[in-house]
Amino acid sequence: MAAPQSFLWSRRIFLTLLAGFVLLPVYVMVSSSLKPLQDVSGKFQWIPSGLTVRPYFDIWETVPLADYFVNSLIVAGAATVCSVTIAVFAAYAVSRYSFRGKRVFTVTVLSTQMFPGILFLLPLFLIYVNIGNATGIALFGSRGGLILTYLTFSLPFSIWMLIGYFDSVPRDLDEAAKVDGCGPLGALFRVIVPAAIPGIVAVAVYAFMTAWGEVLFASVMTNDTTRTLAVGLQGYSTQNDVYWNQIMAASLVVSLPVVAGFLLLQRYLVTGLTAGAVK
């Protein structure tokens, strides 16, 4: 039975309005990034009177954006790899084995998502400073300290999500792998991990995006040499002026890796999130 015309037109109107609501800020960013500074500082014009690509070259000179980009790439990449690696082993143990405290562990992992991140800012700051004073290991103001910080947020969710996904993988596959001579680790890497690629990709994307765009902890736990992109964008605002066109250009450049990765991994992300949520 065909849908009525009123429903089809209502859907079209709703989707058009939704697309306009989403694309309008993107248009403002793109148009502002292609304007000279004097045009951006004045009254906003929907149709630019003059276009220039100069802001896309100036963003690398006004602030050390390349250094911030490298810092963000290292921190986000390391946090993602560590989070996925640890979550795979932890989720496999919880999904396939019974041990004392299993329920307490899973509830504790999930309950960490109930607290806002700002509650952990001062405790982590004091822990890093005390560790540095006692051992000489510089966690505060270093990339390693920021990576550990992001693990405290991405790792619990990653473990919880992969537990649900590993539970959806039939246990008969484990038994078949053991019959073929595989041990627990062999079954994990040869059977479970290939079957759980969508869930692992979803976890990796979540961990990367969490670290890539985080501002609060990056502004406190870093210094001039370890500053990330999310904090480095503040450098375009000075006491004398605000380089709005460069801020917009830098924001678009910063968003490209995440947008490109999301588009490439979209089908895995949707499948992984759905399976993890259902289980």
Side-chain angles (χ1 to χ4, degrees), residues 59-60 62-91 93-94 101 104-162 203-239 242 247 250-251 253-255 257-258:
I59 58 176
W60 308 99
T62 304
V63 300
L65 190 64
D67 296 336
Y68 299 156
F69 193 93
V70 172
N71 290 334
S72 290
L73 195 61
I74 293 175
V75 171
T80 301
V81 172
C82 293
S83 180
V84 170
T85 303
I86 298 173
V88 165
F89 286 104
V94 174
V104 175
F105 173 78
T106 55
V107 172
T108 302
V109 166
L110 186 58
S111 64
T112 57
Q113 304 300 305
M114 298 170 54
F115 303 98
I118 193 172
L119 293 180
F120 301 98
L121 180 60
L122 182 58
L124 286 175
F125 173 79
L126 295 176
I127 290 173
Y128 288 175
V129 171
N130 290 331
I131 290 177
N133 294 334
T135 64
I137 300 176
L139 292 178
F140 176 73
S142 66
R143 295 170 180 166
L146 195 59
I147 293 171
L148 290 176
T149 301
Y150 291 152
L151 283 178
T152 61
F153 302 106
S154 61
L155 187 56
F157 178 82
S158 301
I159 294 174
W160 173 75
M161 183 173 174
L162 283 183
V203 167
V205 171
Y206 168 79
F208 186 86
M209 293 181 64
T210 299
W212 186 263
E214 201 279 328
V215 177
L216 177 62
F217 287 86
S219 62
V220 176
M221 299 293 186
T222 59
N223 52 33
D224 293 338
T225 58
T226 59
R227 190 165 295 162
T228 59
L229 282 171
V231 181
L233 292 179
Q234 300 177 5
Y236 294 105
S237 176
T238 64
Q239 294 181 350
V242 179
I247 292 178
S251 300
V253 172
V254 168
S255 302
V258 177

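If you read the sequence from its start, that first residue is 1, and numbering goes on from there.
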Next item on the list: For the pair Ile59 and Val63, evaluate side-chain contact (heavy atoms from CB on, under 4.5 Å) and give the outcome as yes or no after the intermediate values.
Entry: CA-CA 7 Å; Ile59 58 176; Val63 300; over 6 Å; no

Check: Which of parallel (below 30°), tilted (30 to 60°) and perpendicular (above 60°) describes Phe157 and Tyr206?
Finding: tilted

Item checked: Closest non-hydrogen atom pair, Asp224 against Tyr68 -> O-CE2, 4.3 Å

Checklist line | Asp67 CG to Thr228 OG1 distance, which is reported to the nearest 0.5 Å | finding: 12.5 Å

Next item on the list: Compare all side-chain heavy atoms of Leu139 with those of Thr149 and state whether any distance is below 4.5 angstrom.
Entry: no

Margin query: Ignoring hydrogens and geometry beyond distance, is a side-chain donor-acceptor pair present between Tyr128 and Ser142 at under 3.5 Å?
Written below: no

Checklist line | Donor-acceptor pair between Ser158 and Ser83 side chains, under 3.5 angstrom | finding: yes

Checklist line | Between CG on residue Leu124 and CG on residue Leu146, distance to nearest 0.5 Å | finding: 10.5 Å

Check: What distance do Leu162 atom CG and Ile86 atom CD1 have between them, rounded to the nearest 0.5 Å?
Finding: 12.0 Å

Next item on the list: Step by step, work out the side-chain contact (heavy atoms from CB on, under 4.5 Å) result for Ile131 and Val129.
Entry: CA-CA 5 Å; Ile131 290 177; Val129 171; over 6 Å; no

Checklist line | Residue pair Thr226 / Gly141: nearest heavy atoms and the distance that separates them | finding: OG1-O, 3.1 Å

Next item on the list: Hey, could you give me the CD1/OG1 distance between Ile159 and Thr106, rounded to the nearest 0.5 Å?
Entry: 11.0 Å

Margin query: Is it true that, when you exclude Ile118 itself, more than 12 heavy atoms of the residues, nucleotides or ligands shown sit nearer than 6.0 Å to its CD1?
Written below: no

Notebook entry, point to check: Minimum heavy-atom separation for Val109 to Pro156, with atom names?
Noted result: CG1-O, 3.1 Å

Next item on the list: May I ask you to check whether Phe217 and Phe153 place their ring centres under 6.0 Å from each other?
Entry: yes

Next item on the list: Find the distance between OG1 (Thr80) and CE (Met209) and round it off to the nearest 0.5 Å.
Entry: 11.0 Å

Notebook entry, point to check: Which distance, rounded to the nearest 0.5 Å, do you find between the CD of Glu214 and the OG of Ser72?
Noted result: 10.5 Å

Notebook entry, point to check: Is the centre of the Trp212 ring less than 6.0 Å from the centre of the Phe69 ring?
Noted result: yes

Checklist line | Note, Leu155 side chain near Trp160 side chain (heavy atom, < 4.5 Å) | finding: no

Next item on the list: Indicate whether the side chain of Arg143 and that of Asn71 have a donor and an acceptor atom separated by less than 3.5 Å.
Entry: yes

Next item on the list: State whether the side chain of Thr85 and the backbone N or O of Cys82 hold a donor-acceptor pair below 3.5 Å, judged by distance alone.
Entry: no

Item checked: For Leu233 against Ser251, the heavy-atom pair lying closest together -> CD1-OG, 4.2 Å

Notebook entry, point to check: Considering all heavy atoms of both residues, which atom of Val215 and which atom of Gln234 are nearest to each other, and what is their separation?
Noted result: CG1-NE2, 4.4 Å

Next item on the list: Might you point out which heavy atoms bring Phe140 and Val220 nearest each other, and give the distance in Å?
Entry: CE1-O, 3.2 Å

